[in-house]
Amino acid sequence: MVIALVIGLTLVMVLGPLLMLQPSRGLQKIAALRQKAMQIGLVVQAHRHPGISDAGQWMFYLMPWPSFINTPKIVTWALIHKNFAHEVHLKGQWDFQTPAPDERISQTLKAQLEILPEQIIGIESTAAGVGVYWNEIGGEKHLVLINAWLDDLVSTLAVEPHTR
């Protein structure tokens, strides 16, 4: 009986810490979501734009530019959702960070913002591609919407390149 108790306590002491290292269900879902994003061609980065003042957890989901785009000449810009409306903002609460892009891009984005999921707090164009800052709420359903949205935006911007 004492031997069984000692063996049982030893197993608990050895396996307990190992089991605590297992990721939670929530972390497993997030990892699966990010893996799915990478499988469909998005780049997922733990990157925070300095213009985002919200303290939430935001990940950057980026769609790379098509290979025919001359990426060193791409004009970079960022559009951040603000907590307040202002008439100079795009669609009320979306504000371009300096430097703002030209009017063609503003008009393209104005039309695109109508179908953007509300869980997006920012959009950024870089030499690598166009991405969104997403809090990953909504799971795979929203990932599909974001991927389609980014694909449409990148395709539109690639047809009318915004270069220097």
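Here the structure is a predicted model, which is why all the values come from computation and not from measurement. Positions are given from 1 along the sequence.
- Under the rule for a ring-ring contact (aromatic ring centres under 6.0 Å, His included), the partners of Tyr133 that lie at least two apart in sequence or sit in another chain are His47, Phe60.
- With rounding to the nearest 0.5 angstrom, the CD1 atom of Ile80 is 11.5 Å from the CD1 atom of Ile120.
- In this structure, Glu136 does not pair ionically with Lys29, as no charged nitrogen and carboxylate oxygen lie closer than 4.0 Å.
- Here Ile123 contributes atom CD1 and His81 contributes atom NE2; the two are 10.0 Å apart, rounded to the nearest 0.5 Å.
- The minimum heavy-atom distance linking Ser125 with Trp65 is given by the pair OG-CZ2, 3.5 Å.
- A pairwise comparison of heavy atoms in Trp134 and His142 identifies CZ2-CB, 3.6 Å as the closest pair.
- Atom CD of Gln57 sits about 9.5 Å away from atom CD1 of Ile30, to the nearest 0.5 Å.
- Minimum interatomic distance between Trp58 and Gln119 (heavy atoms only, all atoms of both residues): CZ3-O, 3.2 Å.
- Between Ala127 and Thr76, the closest heavy-atom pair is N-CG2, 4.0 Å.
- For Ala128, the side-chain contact (heavy atoms from CB on, under 4.5 Å) criterion is met by Leu62, Thr126, not counting sequence neighbours.
- Ile115 pairs by the side-chain contact (heavy atoms from CB on, under 4.5 Å) definition with Gln112, Trp149, not counting sequence neighbours.
- For the pair Val43 and Pro64, the tightest heavy-atom approach, listed with the atom from each and the gap, is CG2-CG, 4.2 Å.
- More than 12 heavy atoms of other shown residues, nucleotides or ligands fall within 6.0 angstrom of atom CD in Gln39.
- Tyr61 and Ile137 end up in different hydrophobic clusters when Ile, Leu, Val, Met, Phe, Trp and Tyr side chains are linked at under 4.5 Å.
- Leu145 and Val154 fall into different hydrophobic clusters, where Ile, Leu, Val, Met, Phe, Trp and Tyr are joined by side-chain heavy atoms under 4.5 Å apart, directly or via other members.
- Of all the heavy atoms in Ala37 and Val44, the pair that sits closest is CB-CG2, 3.7 Å.
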Q.
What verdict does the side chain to side chain contact (heavy atoms under 4.5 Å, CB included) test give for Asn135 and Ile121, after you've listed the backbone C-alpha separation in whole Å, the side-chain angles of each residue and the deciding distance to 0.1 Å?
A. CA-CA 8 Å; Asn135 60 9; Ile121 195 167; over 6 Å; no
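- The one candidate from Asp151, Ile146, Asp152 that meets the side chain to side chain contact (heavy atoms under 4.5 Å, CB included) condition with Met63 is Asp151.
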Q. Does the pair Val144 and Ile40 meet the rule for a side chain to side chain contact (heavy atoms under 4.5 Å, CB included), with working shown?
A. CA-CA 9 Å; Val144 170; Ile40 61 177; over 6 Å; no
